[in-house]
Amino acid sequence: MNISAGHGILGKIRFRDGEMPAYDRTYLVVAVDSDYLEVVNVSSIKGKERKLLFPSNEPLKKYKPPFMVPSFVKLDSLVRVQLSDCANLQILHRGQKLDAGELRRIIAKIS
């Protein structure tokens, strides 16, 4: 599997506190190295509009592709995952990536 920055992925990645999610979740890949990738959680906006008021959440202005519904990124959810632990992850939307400008904007907000 060839994952790179800008891909949306689906699967189970441990939360920052070490717990494993109960179900598959969506993530945005923000960086890739030879041994790991860095991802942030992505969630749909529908029914969670109030969460956009938190400074740790940032709506994606151009979400499609790879996300099919209006979504936001949880800026404080950045985790590093060993590539060897990524076998269960699926790349979303046939590998189409997030708009390059939108990716840069999100990465700048994380930093």
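We're numbering straight along the sequence, starting at 1.
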- [ ] Indicate if V81 and V40 have the same hydrophobic cluster label, given that clusters are the connected sets of ILVMFWY residues with side-chain heavy-atom separations under 4.5 angstrom.
- [x] no

TODO: Group every Ile, Leu, Val, Met, Phe, Trp and Tyr by side-chain heavy-atom contacts under 4.5 Å, then state whether V39 and I106 land in the same group.
DONE: no

Quick one: pull up [atom1] in [X] and [atom2] in [Y] and give me the separation to the nearest 0.5 Å.
X   : Y    : atom1 : atom2 : value
M68 : L92  : CE    : CG    : 10.0 Å
L10 : D24  : CG    : CG    : 4.5 Å
L28 : E102 : CG    : CD    : 9.0 Å

What pairs with [X] under side chain to side chain contact (heavy atoms under 4.5 Å, CB included), at least two apart in sequence or on another chain?
X    : result
E49  : I45
K109 : E58, L75, R105
K74  : R25, N41, S43, N57, F72, D76, S77

Task: Members besides F54 in its Ile/Leu/Val/Met/Phe/Trp/Tyr cluster (side-chain heavy atoms under 4.5 Å) - done: none

- [ ] List, by chain and number, the other hydrophobic cluster members for Y23, where Ile, Leu, Val, Met, Phe, Trp and Tyr join if side-chain heavy atoms come within less than 4.5 Å, directly or indirectly.
- [x]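 Members other than Y23 - counting any ILVMFWY side chain reachable under 4.5 Å - there are none.
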
Task: Side-chain (S44) to main-chain (S71) donor-acceptor, under 3.5 angstrom - done: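 Not a single qualifying donor-acceptor pair exists.
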
Closest non-hydrogen atom pair, [X] against [Y]:
X   : Y    : answer
G8  : P66  : N-CG, 3.6 Å
T26 : V42  : OG1-O, 2.7 Å
Q96 : H7   : O-CD2, 4.4 Å
V29 : L103 : O-CD1, 4.0 Å
V79 : F15  : CG1-C, 4.3 Å
Y27 : I13  : OH-N, 3.2 Å

Task: Non-hydrogen side-chain atoms of D85 and Q82 separated by less than 4.5 Å - done: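 The answer is yes; the side chains approach within 4.5 Å.
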
Let me have the donor-acceptor pairs involving side chains of residues 30-38, under 3.5 Å, with sequence neighbours excluded, atom names and distances please.
{"residue": "D33", "atom": "OD2", "partner": "Y36", "partner atom": "OH", "Å": "3.4"}
{"residue": "Y36", "atom": "OH", "partner": "R80", "partner atom": "NH2", "Å": "3.0"}
{"residue": "E38", "atom": "OE2", "partner": "R80", "partner atom": "NH2", "Å": "3.3"}

